[in-house]
Each structure stands twice: as C-alpha cells, then as structure tokens.
Protein chains: 2
Amino acid sequence: MRADAKRNYDRIVEVAREVFREQGYDASLDLVAKRAGVGPGTLYRHFPTRENLIDAIMQSWVDRVDEAADKALAQEGPPRDLLLHWFEEYVALISLHKGGPAKITSAMDDPASPIRTKCEVLKTAGDRVLDWLRAEGALREGVEVTQVARLVGGVATVADQGDLDPATVRPLLEVVADGLLV
Amino acid sequence: MRADAKRNYDRIVEVAREVFREQGYDASLDLVAKRAGVGPGTLYRHFPTRENLIDAIMQSWVDRVDEAADKALAQEGPPRDLLLHWFEEYVALISLHKGGPAKITSAMDDPASPIRTKCEVLKTAGDRVLDWLRAEGALREGVEVTQVARLVGGVATVADQGDLDPATVRPLLEVVADGLLV
DNA sequence: ACCTGAACACCGTTCAAGT
DNA sequence: ACCTGAACACCGTTCAAGT
C-alpha cells in the first residue's frame with residue numbers, strides 16, 4: 001500500500017468512526033468522504049460497500065468483546081446474574097452506534113457479510129458464557145448460541161429503534177434469561 | 001372529497017399495497033405514484049408521510065388482529081400452547097410486509113406515529129390474551145403487554161431482517177413464552 | 001497505483017402553473 | 001379544490017482523466 005493510500009485509508013476510518021457515532025451506521029458516505037477530504041471514488045476504492053467500512057471501524061472493538069465476557073464470567077453470584085450481566089454487556093457492545101443491533105444481528109445469518117468475522121467473535125465469546133452455565137447445569141437443553149444472539153439482538157434492535165433506556169430494557173432481558181435457564 | 005380526488009386516493013392505496021407486498025414498506029413512493037398514474041405531488045397531498053400511507057393500507061388489517069386473538073383464545077390445551085399460538089399469529093400479522101415488524105414495533109414507542117391507532121389494536125388484542133392467562137394464574141407478576149409486544153416484536157424483526165423461516169423462529173418464541181409464564 | 005471530481009441514476013419533496 | 005410535472009436537493013456509484 002502506497003503511503004498516500006494508507007494515509008487516506010486511515011483518515012477515512014477515523015472520520016467514519018466519528019460520523020457514525022454522531023449519526024449512526026446509516027449516515028451518508030458522501031459526508032464521510034467530504035470530511036475526510038477525499039473524493040467519493042477514493043472511499044469506494046478502499047471500501048466497496050458500507051459494511052466493509054463498518055468492519056474496519058470494528059477492528060478495535062473485538063478486544064472489548066472478550067473483556068466483556070471475562071468480566072461477566074468473573075461475576076460472583078447465581079447463574080442468572082451472570083447471564084444478565086453478559087446480556088447487558090452484549091447489548092451495550094452492539095448498540096455503540098445507532099443501527100448497530102440490526103446490522104450486526106442480521107449479519108449473523110448472512111455468510112457473505114463483510115462483518116461476519118466480527119460476528120464470530122461475538123459468538124465465541126457468547127459460547128464461553130453458555131459453556132460455563134452448561135457446566136453448572138443451569139442452562140436448558142438444546143440452547144444454541146445463535147438463538148441467544150437472536151433473542152438478545154432482537155431486544156437490542158427494538159431498544160435501539162425505539163430509543164429505550166436501560167431501565168426499560170432490563171426486564172425484557174430478564175424474561176429472556178428466565179426462558180433460557182432451567 | 002371530490003370524485004377524482006377519491007378515485008386517486010383509492011388507486012394509490014391499492015397500488016401501494018401491491019408495491020409494498022412486492023418490495024416491503026421501504027419501497028420507492030415514486031414508483032407507487034408512477035404505477036398509480038398520478039404525479040408525485042398528488043401522493044404527497046393525500047399522504048404527507050410514508051407512515052400515513054402505511055396506515056391507510058392497514059385499515060383492512062385491523063379485523064384480522066381481533067380474529068387472531070379469538071382463534072388463540074379458542075385454543076384447547078395448556079396456557080403455554082395458547083400463548084405460543086398467539087405469538088405465531090402476532091408475528092405473522094406484523095410480518096405481512098417486509099420491514100413491517102421494525103416499523104410497527106417502534107411505532108409503539110412513538111406517540112406521534114400515524115400508525116399508532118393500529119398499534120393500539122394490537123395491544124388490546126394482546127391484553128385479551130394476557131388477561132386470560134392472568135385469570136388462570138399462569139402469567140408472571142408484573143408483565144405488561146408493552147413488554148410482550150417488544151419481546152415478540154424483537155424476534156419478528158430479527159426474523160424479518162434475516163429471512164428466517166418459521167421453524168427457526170419457533171424455539172425463540174418458546175424461550176420468550178417460558179420466560180413469561182410461571 | 002492511486003486520486004479526483006464530473007457525471008449519471010434514483011429518490012424524496014416542493015411548488016408554480018394549470019383545470 | 002385538486003392535479004400535474006418540472007425543479008431542487010441529496011445520495012450512492014461509476015469512470016475517464018490526471019498524477
């Protein structure tokens with residue numbers, strides 16, 4: 001990669017992170033290009049689709065997922081609390097940007113999605129939590145991590161689109177948790 | 001309303017129903033106007049926002065909601081089956097058009113939404129089902145119909161956006177049901 | 001090899017001119 | 001009172017011309 005290319009690439013990612021934080025994942029890419037001081041063609045050369053750009057932004061985000069799972073597993077107390085703690089971390093992680101919950105959750109069912117690798121990270125982190133619960137004998141028979149991702153992702157999507165506050169979301173997560181535990 | 005105005009109004013609603021069925025609720029309004037043979041201004045005169053048009057389309061849909069609740073309540077068997085039956089009817093009703101689950105579920109939290117009256121119909125139908133369960137002593141303490149709408153709406157939204165088939169959705173609804181019942 | 005920016009297509013929205 | 005369609009703004013996407 002040429003020096004000016006790398007400079008542009010980095011600048012676009014940096015600006016996109018800022019714009020997406022302000023306006024969500026559906027913000028105008030034209031605006032991103034303008035603010036980054038590059039032509040629209042340059043943006044498209046580096047990131048053929050919006051998802052490719054989102055994927056680049058999420059690079060630094062991967063570490064936080066594992067930390068969140070660690071934190072949940074370090075939790076003292078009954079399995080229900082541990083699961084709920086993970087749920088809240090999970091919702092927070094995919095709700096960092098408006099439109100995130102919908103985008104990430106539907107990417108889980110799309111093998112061709114550019115952000116698929118990020119979804120895998122989420123799944124393996126989720127599996128660590130579920131495995132612990134299984135070992136405790138606290139989890140229902142036949143529960144898959146994909147199902148949990150869809151359920152919690154669904155709650156997060158509704159919360160995101162309806163601008164619900166955490167206090168409103170909490171009881172919804174409790175229902176899901178109770179439905180998953182023995 | 002003048003005769004030609006009414007003719008245009010009806011024609012737009014009819015065409016919109018068709019276009020939305022083909023392409024979902026996010027289809028181009030320009031296309032609707034073109035197919036209806038009216039100028040874009042005419043469409044905007046009758047329906048200032050997309051939601052106003054969706055609301056008009058949903059007019060005939062209201063009856064089906066009450067029928068669905070009737071059917072669920074006529075169900076024999078344990079409360080869990082009854083609730084799941086209602087859930088499946090609910091998901092089917094709001095998933096008639098692509099984009100419907102997200103639109104309807106988030107309209108529940110928006111007092112200014114033009115389709116709010118339709119949401120109320122859904123809520124009262126849901127309350128009939130919940131009241132029956134409460135009378136049987138089968139429902140958890142403190143469960144609100146709004147929460148149920150969000151949970152099932154969330155599952156429907158994920159299913160809609162990920163093109164999941166009913167067989168995949170069913171276990172998710174079971175988790176929600178189990179979390180809601182005593 | 002990479003960038004630029006004009007150009008095109010598409011859509012939503014408004015409004016002056018018409019009947 | 002209502003309709004029409006041109007006009008504008010905005011956005012995504014492509015590509016010929018430039019370095």
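Per chain, numbering begins at 1; letters A, B, ... match sequence-line order.
- Set against dG12(C), dG12(D), dC3(C), the side chain of Arg45(A) has dC3(C) as its closest nucleotide.
- Of the listed nucleotides (dA1(D), dG12(D), dA1(C)), dG12(D) has the atom at the smallest distance from the side chain of Ser28(A).
- With dT4(C), dT14(C), dC2(C) as the candidates, the nucleotide lying closest to the side chain of Pro40(B) is dT14(C).
- With the nearest nucleotide of DNA chain C identified for both Gly41(A) and Asp30(B), Gly41(A) has the one nearer the 5' end.
- Ion pairing of Asp55(A) with Arg116(A) is absent here, as no side-chain N (NZ or NE/NH1/NH2) approaches a carboxylate O to less than 4.0 Å.
- Side-chain proximity of Thr42(A) to dA6(D), dC3(C), dG12(C): nearest is dC3(C).
- Among dT14(C), dC3(C), dC2(D), the nucleotide with an atom closest to any side-chain atom of Tyr44(B) is dT14(C).
- Here the side chain of Arg2(B) is nearest to one of dC2(C), dT4(C), dC2(D), namely dC2(D).
- Across the strands present, dT19(D) finds its partner in dA1(C); the criterion is a Watson-Crick or G-U wobble pair with both atom distances under 3.5 angstrom.
- Judged by Watson-Crick or G-U wobble contacts below 3.5 Å, the nucleotide dT14(C) has dA6(D) as its partner.
- Using a 4.0 Å heavy-atom cutoff across all strands shown, Arg50(B) reaches sugar-phosphate atoms only and no base atom.
- In this structure, Arg80(A) places its CZ atom where more than 12 heavy-atom neighbours from other residues, nucleotides or ligands lie under 6.0 Å away.
- One finds no salt bridge joining Asp26(A) and Lys98(A) here, because no Lys/Arg side-chain nitrogen approaches an Asp/Glu carboxylate oxygen to under 4.0 Å.
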